[in-house]
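One-based numbering, in listed order, for ligands and for the atoms of each. Side chains included, hydrogens not; waters and symmetry mates left out as well; all remaining heavy atoms used. Keep in mind that this is a model prediction, so the values were computed, not measured.
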Amino acid sequence: MQPIVHLNKVSKSFGVYEVLKEVSLNIHKGEIYGLLGPSGSGKTTMIKLMIGLERPSAGEVTVKGERLKAKELYPSIGYMAQSDALYNELTAKENLSFMASLYGMRKAERNQQIEKVMITVDLLEHLNKPVHQFSGGMKRRLSLAIALLHEPDILFLDEPTVGIDPVLRKDIWDGFHQLKEEGRTLIITTHVMDEAERCDRLGLLQHGEIISSDTPEAIKSQYGVTSIEDVFLKNGGVSVEN
Ligand code: ADP
Ligand code: MG
């Protein structure tokens, strides 16, 4: 089966600093693939390379066999950046409507979808509030709602649950699993251990390399540890950010 996301010996340098060193990776349709690694290990850079926001210094990145261009809107792709890209002076609904119009959604479909995604992130009652009144966690949830709006097949989510309380985080992860059941693919960066455990497979990033790409269970048994966090502690003494 052809992988949905394919990285072939991808390197990325910023000036003389090499963030990623010949990283090869395949992600398949319908998986929840987690990218896990210490702060500064290159998780965001990897996501940006996948969606075409960064170009590799060497190697090749394809999504569905295609090299993505950052400036294009792809109906099948959803992206949530690590820092929220929201219009603070606009309401949640206006932010969502703006994105929906970019995707060419009709008005009836638009309103239906907006309601649906706002229920998913538990923000429906705040629909008409200006975003500058939102807390950090609420902004994260709105960004997630925007990424889900056009029902993409592939979701790239960079730290989607930062600042979100554990109860809601669990609901959101249940939502991710539901999306997976629908056959969608999710690529999610996280530094939260219980989230890592809920991924089908994990890519562990350290010192510019993927040191493991496997199921959480297989990785733990490979390193002889009981928690994923211990893999990093065992492997060079770098702790995962928190
Ligand atoms: P993570 O998301 O895992 O915390 P990043 O991908 O954001 O890591 O960053 C990896 C490394 O690359 C960091 O050392 C960061 O400072 C550096 N970096 C990221 N983007 C740039 C950039 N545009 N210019 C220079 N250095 C960058
Ligand atoms: Mg990051």
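Residues Trp173 and Cys199 approach most closely at CH2-SG, 3.7 Å, considering heavy atoms. Closest approach of Lys12 and Pro56 over heavy atoms only: CD-CA, 4.4 Å.
When Leu20, Leu36, Thr45 are checked for heavy-atom proximity to atom 5 (P) of ligand 1, Thr45 turns out nearest.
Metal site remark for the Mg ion (ligand 2): Ser39 contributes no N, O or S atom at a distance under 2.8 Å. Taking 2.8 Å as the threshold, Thr189 does not count as a candidate ligand of the Mg ion (ligand 2), since none of its N, O or S atoms lies below it.
Judged purely by distance below 3.5 Å, without hydrogens or angles, the side chains of Tyr33 and Ser213 pair a donor atom with an acceptor atom. There is a side-chain donor-acceptor pair under 3.5 Å between Asp84 and Ser143.
Within ligand 1, the atoms closer than 4.0 Å to a non-hydrogen atom of Val19 are 10 (C), 11 (C), 12 (O), numbered from 1 in the order shown. Ligand 1 places these atoms under 4.0 Å from at least one heavy atom of Pro38: 3 (O). Taking a cut-off of under 4.0 Å to the non-hydrogen atoms of Ser39, the atoms of ligand 1 that pass are 4 (O).
With a 4.5 Å cut-off on side-chain heavy atoms, Leu142 and Met118 count as touching.
Within the structure, ligand 1 lacks Gly37 among the residues with a heavy atom less than 4.0 angstrom away.
Polar contact check, Glu54 against ligand 1: no nitrogen or oxygen pair lies under 3.5 Å apart. Taking distance alone, with nitrogen or oxygen atoms compared against 3.5 Å, Gly40 approaches ligand 1 more closely than that limit.
Taking the six-membered ring where the residue is Trp, Tyr103 and His150 present parallel rings, their angle staying beneath 30° rather than reaching 60°.
No cation-pi contact links Lys180 to Phe176, judged by a cut-off of 6.0 Å to the six-membered ring centre and 45° from its axis.
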